[in-house]
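Here's the structure we're looking at; comments come further down.
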Number of protein chains: 2
Amino acid sequence: MREEEPVTIITVAKRAGVSKTTASDALRGSGRVSAETRATVMRVAEDLGYVPNGSARHLRRASTGTIGLHVPEVLTRSSYYMSFVFGVVERAAVNDYDVTLITSGERRARTPRVDGLVLGDPLVGDPVVERLMSARLPTVTCERFPGGRGADGVVLSPHADMVGRLLDHLRDSGARRPALIVAGDESDWAAELHQGYRRWCRANGVPTATRTVPFDAPADQVRAAARELLDARPAPDALVCGPAGAATEVLPVVRAAGREAGRDLLLASCVDTPGMALADPPITSIDLRPREAGAACAELLFDLLNGTAQPGTERVHPIELRPRASTTG
Amino acid sequence: MREEEPVTIITVAKRAGVSKTTASDALRGSGRVSAETRATVMRVAEDLGYVPNGSARHLRRASTGTIGLHVPEVLTRSSYYMSFVFGVVERAAVNDYDVTLITSGERRARTPRVDGLVLGDPLVGDPVVERLMSARLPTVTCERFPGGRGADGVVLSPHADMVGRLLDHLRDSGARRPALIVAGDESDWAAELHQGYRRWCRANGVPTATRTVPFDAPADQVRAAARELLDARPAPDALVCGPAGAATEVLPVVRAAGREAGRDLLLASCVDTPGMALADPPITSIDLRPREAGAACAELLFDLLNGTAQPGTERVHPIELRPRASTTG
DNA sequence: GGCGCGAGCCGGAACGTTCCGGCAACTCAG
DNA sequence: CTGAGTTGCCGGAACGTTCCGGCTCGCGCC
């Protein structure tokens, strides 16, 4: 009903009986303002429902108010990246930042107008990633960038250690010959999985049995890899699947091979997806907590942007093992 | 290496030998500018890689450069909304707009600073939706808002008709007694499914058999509903699952009931999700094309914002049937 | 009493864009 | 030849914020 007049910092200042400069200082906690004045301004701003105009702020600060986000284009099985993206967006929103998705199909050679970049699982050899990494912009990667020099910030998870814990768990459930399906070393994550597996096998005196599939892991190649591993003699008694969603696709192969998941073949996934808990039997997985990972990346980027964090910072993002019936039979 | 000086419209104007006003007019196609001058300015801008400063533009235009987006908080099975959101974000980006996700946990009672709203599947009774709908803001909903007056724009799909086509398909595959699991009428989509089913049954002289589950369709309730339907006498020979992801959860129930999906029980999903094609057997689904739906919503909102579309506009978003082994056995 | 100093506050400019009003130069009817 | 209308272009103000520099007190010190 009532005509809506936008409430700017001047409205607040007038109402509080101070100048716009003082109001601004009071609200942002900068400058020299008495505690009393600050309290007054804050209260008035609250009363009026004042929300700073992001455009004006960013214009003044010569920042764009936007961060760029790139994730590998994995068509199916993308629930991990979906959650990751949401985590970034959510965290960016609390800093009044917006997120621009950078797709591989970007026709402009120019880097987009952004204050910084978040790169989820940068793959060595990805032309978009290479270009973005060489741009002079604050950059945070989720997992290390295997090629060349690193980013200004890295959020990483102890994948190798967690694979070790997963293999311990399989051993405790009776497995003696675990096999691994994993992506190539162009992603740091897959390389870590691979390394963790080899290390554990060496430490436990177990021969390795792995098959490599592409990072985007098409269903047929995953199934073929599983078949090969299951047909080998001596046959494995446990199967660890690296790529997201691969484990559920392997289930029919297991059945076709006359094995039963959770009974005479333990099955685990290195990426928890909605399908894992719903599979029959539910599949033990490593929960990478993608949403929190995305948020952590955004947070680190903002810390870098405002100087709270130093370039070269690495932060650890904890992940969790979710034991389910496929390994606890 | 070279010091980067930001290229503004003044840079372009100077280089083209015109004033900033003329440069602005030429680039935006407004005002009175000779074709020759316009071409020159365009070329110079291209050469310099000029990108308009969004903050300045929005500040001047008194727009926020942001649209708000709300989708129901469906914790699992969210791949539909994930894609939907991406569609909105992608389409918004080409209009230099950003997207703010509005979560139900919004602590501020005030409506956020946005130029417009996109509401995906507004549920009647959702307090956030009710609040947003009553705000004086251009609003587009995906599917109609069952309660109260409609939004300024609606993007809708012919769900009822498509259910009819799906049932035709089941009948052609031999089904005589199709049953339905569907969400309640608080969402327009579920109501349409329900209505399409009843209409088809009436037209084909078939008795109806339905079970209602909550919109967020927890797995156990979906399974219970499926069990009830399968246990009924005479038993259905086809099962249509409304809620996203429900069909895959029903599979174990079907097996446990001694039926075989695709053989003596046809199974179909009203929402195609990544899991449907990967299930065993692959499940016939209705592809709602969520990404395109999101893009369509954003597009309609922008058309409303700049006057290209009139308030009250409804646009149809086409959907597609994906027949798979679960009904073509 | 004069002076320096810091605390508290403020005016004005700037960020890059859009848009209103205006100013020349040209066209053309009368 | 004159005056009105049109075309092409331009200067300046405004959007809401931040921040630089400066102002005015009051206080304490010599």
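All of these numbers come straight from a predicted model, not from anything done at the bench. In what follows, chains carry the letters A, B, and so on, assigned in the order in which the sequence lines appear, proteins first and then strands, with residues in each chain numbered from 1.
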Going by the salt bridge (charged side-chain N to carboxylate O under 4.0 Å, His left out) test, which pairs reach into residues 58-71 of chain A, not counting sequence neighbours? none

Can you list, in residue-number order, the parts of residues 14-21 of chain B that come under 4.0 Å of DNA chain D, counting heavy atoms only? B:Val18, B:Ser19, B:Lys20, B:Thr21

Any pair with a residue in residues 302-318 of chain B that passes salt bridge (charged side-chain N to carboxylate O under 4.0 Å, His left out), sequence neighbours left out, goes on the list, sorted by first then second residue, please. B:Arg144-B:Glu314, B:Asp303-B:Arg315

For A:Glu130, salt bridge (charged side-chain N to carboxylate O under 4.0 Å, His left out) partners two or more places apart: none

Below 4.0 Å: OP1/OP2 of C:dC10 and any side-chain N or O of A:Thr22: yes

Could I get the full list of side-chain contact (heavy atoms from CB on, under 4.5 Å) partners for A:Thr64, not counting sequence neighbours? A:Thr66, A:Arg113, A:Asp115

Nearest-Å distance for atom pair CZ/P, residues A:Arg32 and C:dC10: 13 Å

The criterion is side-chain hydrogen bond (donor to acceptor under 3.5 Å, both in side chains); which residues satisfy it with A:Thr40, sequence neighbours excluded? none

Give the angle between the helix axes at the two ends of the helix from C:dG1-D:dC30 to C:dG30-D:dC1, taking five base pairs at each end and rounding to 10°. 60°

Those residues that, when tested against A:Ser24, pass side-chain hydrogen bond (donor to acceptor under 3.5 Å, both in side chains) (two or more places apart): A:Arg28

Which residues pass the side-chain contact (heavy atoms from CB on, under 4.5 Å) test with B:Pro318, not counting sequence neighbours? B:Arg289

The residue, B:Thr37 or B:Arg61, whose nearest nucleotide of DNA chain D is more 5′ is B:Thr37

Residue closer to the 5' end of DNA chain C, A:Arg60 versus B:Arg60 (nearest nucleotide): A:Arg60

For A:Thr37, which residues count as a side-chain hydrogen bond (donor to acceptor under 3.5 Å, both in side chains) partner, sequence neighbours excluded? A:Ser34

Walk along DNA chain D from 5' to 3' and tell me the first and last nucleotide with an atom closer than 4.0 Å to a non-hydrogen atom of chain A. D:dG16 to D:dG22

Taking everything shown except A:Arg38 itself, do over 12 heavy atoms lie less than 6.0 Å from its CZ? yes

Under the salt bridge (charged side-chain N to carboxylate O under 4.0 Å, His left out) rule, collect the residues that match up with A:Glu299, sequence neighbours excluded. A:Arg91

